[in-house]
Asker: 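One structure, pasted below without further comment.
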Amino acid sequence: MKKFPNDFLWGGAISANQSEGAYLEDGKGLSIVDVIPHGQERMDYKLGLVPDLTLKSSNYYPSHQAIDFYHTYKSDIKLMAEMGFKVFRTSIAWTRIFPNGDEEKPNQAGIDYYQDLFKECHKYNMEPLVTLCHFDAPMHLVETIGSWRSRKMVDHFVKYAQTCFREFDGLVKYWLTFNEINILLHSPFSGAGLVFQEGENKDFVKYQAAHHVLLASSLATKIAHEINPDNQIGCMLAGGDFYPETCHPDDVWSALEKDRENLFFIDVQVRGKYPSYSKRLFKEKNIELVMEENDENLLKNTVDFVSFSYYSSRCASATMNQQSEANVVKSLPNPYLEKSDWGWAIDPKGLRITMNRLYDRYQKPLFLVENGLGAKDTVDENGQVEDDYRISYLNDHILAMNEAIHDGVEVMGYIVWSAIDLVSASTGEMSKRYGFIYVDKDNQGKGSLKRIKKKSFYWYQKVIENNGIHLE
Ligand code: BG6
């Protein structure tokens, strides 16, 4: 294998809402994820179809305890340091800093917690990469102003972002504003706190919310650069290019449109303005965005790098009716590809394709901040987890990324989802495991929370030590 850059950032990721637990501790307010239960109804909640969001004693809410990272962060970070992580990606829970979202002053306990966490990373020379909003928003703002439906949300977010840039200045320099920003269209409640009313034009609600999110992201980017010019701000795309199902021009067009649906957000964040195709898109969807006079100017603060997640490529046709299992971004099955236990297509070459296309389009450094395999790991009679399938998945994707680098794509680093097992965002399960570290907990919330290093833990340690795949 050819070389990786010397300063390449290898690491792993988690998010606050899938790992911290302690959902009301030290003054934290209720977040959107805290009202999404595990079980059959979960998807309806995520889609914004459930108007009654009060907590019910008959439901199990996986985020309330998650893997208890809020309390175990020191020993967990130590394990990540043992793997040699150069970067650790996590998010800040907005509701630890502003529990309701609209307070005058931030919650000092929340600030203290994240300062300690980031200091702990630096103790091991690990650079934190921090997402301000990873499927997160204060429930109070959902209830009072309808979350990102309202333009007021922009001010609340900007205040929160500014507080973070100030309080964590010198501790964090790599920031992402919104995780998988395009997921707002596919999973509107978990993506943006949107709950729909009967009969309304959902497309309008989503794109109006998107406009507010994009304004907030742009303004936060500006403030981050003003507070410290060394700050590096990225956008974050749920990536994976669409392939046309056949070479019929209608299928090719359909794949192009599907890609645009996702890239729309990144087009704005990288170019500082709406793409030319958006006019027709809005017209056809009957959307008349409410904008203020100066909005075009407010969108002009562009990001420094383009980060993205990649699990799988996607497939589209002009007459899409079948859909692949369990993924919020709908795709046709691709008969040429193997699938994971959860039906996600496995396509390392698709990573090379996606990276080349993203770089061709934006000419900005890329950062792969999520890649990994959700699988049913088991602890064997010797207390070991032999996750060779995960090693194979990661190995093949690292090789594909290496090819992309040698195709000329500029890449800042590679971050595996996830550093440690945590709650699945889509299904709420613990059994959909991604980590290098096993956590003893099941889908009903039972288990000791004990941590076990998997086989992939030692494999990744070698990858980082060798700055690439270790060739025996
Ligand atoms: C991304 C998210 O969508 O993929 C993560 O940023 C998520 O939060 C990850 O966990 C894997 O998806 P899932 O649904 O299998 O947990």
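For ligands, and for the atoms within them, numbers begin at 1 and follow the listed sequence. When reading the values below, keep in mind they use all heavy atoms of this one structure, side chains included, and skip hydrogens, waters and symmetry mates. The residues of the chain are indexed from 1 along the displayed sequence.
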Asker: Looking at Y438, is R433 sitting on its ring face, NZ or CZ under 6.0 Å from the six-membered ring centre and within 45 degrees of the normal?
Answerer: yes
Asker: Give me the atom names and distance for the closest heavy-atom approach of S340 to G374.
Answerer: CB-O, 4.3 Å
Asker: Hey, does the Lys NZ or Arg CZ of K453 hover above the aromatic six-ring of F457, less than 6.0 Å from the centre and inside 45° of the axis?
Answerer: yes
Asker: Is it true that H225 and N301 share a donor-acceptor pair across their side chains at a distance under 3.5 Å?
Answerer: no
Asker: Which of the listed options, W344, Y311, Y434, holds the heavy atom that is closest to atom 15 (O) of ligand 1?
Answerer: Y434
Asker: May I ask you to list the atoms of ligand 1 that are less than 4.0 angstrom from any heavy atom of K432?
Answerer: 13 (P), 15 (O)
Asker: Suppose I only count heavy atoms of S424 and a 4.0 Å limit; which atoms of ligand 1 are within that range?
Answerer: 13 (P), 14 (O), 15 (O), 16 (O)
Asker: Return the closest protein heavy atom for atom 2 (C) of ligand 1 as residue, atom name and distance.
Answerer: E370 OE1, 3.3 Å
Asker: Report the part of N179 (side chain from C-beta onward, or backbone N, CA, C, O) that has a heavy atom under 4.0 Å from ligand 1; answer both or neither where that applies.
Answerer: side chain
Asker: Assess whether atom CD of Q40 is packed by more than 12 heavy atoms of other residues, nucleotides or ligands within 6.0 Å.
Answerer: no
Asker: Do S15 and ligand 1 have an N or O pair less than 3.5 Å apart?
Answerer: no
Asker: Judging by distance only, is a nitrogen or oxygen of S426 under 3.5 angstrom from one on ligand 1?
Answerer: yes
Asker: How does W342 reach ligand 1, by side chain, by backbone, by both or by neither, if only non-hydrogen atoms under 4.0 Å count?
Answerer: neither
Asker: Do the side chains of R451 and D421 get close enough for a salt bridge, i.e. N-O under 4.0 angstrom?
Answerer: no
Asker: Is it possible for you to check whether K376 lies under 6.0 Å from the centre of the six-membered ring of W342, through NZ or CZ, and within 45° of that ring's axis?
Answerer: yes
Asker: Return a yes/no value for A425: is any of its N or O atoms, backbone included, closer than 3.5 angstrom to an N or O of ligand 1?
Answerer: yes
Asker: Please state which protein non-hydrogen atom is closest to atom 3 (O) of ligand 1 and give its distance, to 0.1 Å?
Answerer: E180 OE1, 2.5 Å
Asker: Within a distance under 4.0 Å of any heavy atom of Q18, pick out the atoms of ligand 1 and give their elements.
Answerer: 5 (C), 7 (C), 8 (O), 10 (O)
Asker: Answer with yes or no whether F135 contacts ligand 1, where contact means a heavy atom under 4.0 Å from a ligand atom.
Answerer: yes
Asker: If you measure from CZ on F178 to CG on D136, what distance do you get to the nearest 0.5 Å?
Answerer: 10.5 Å
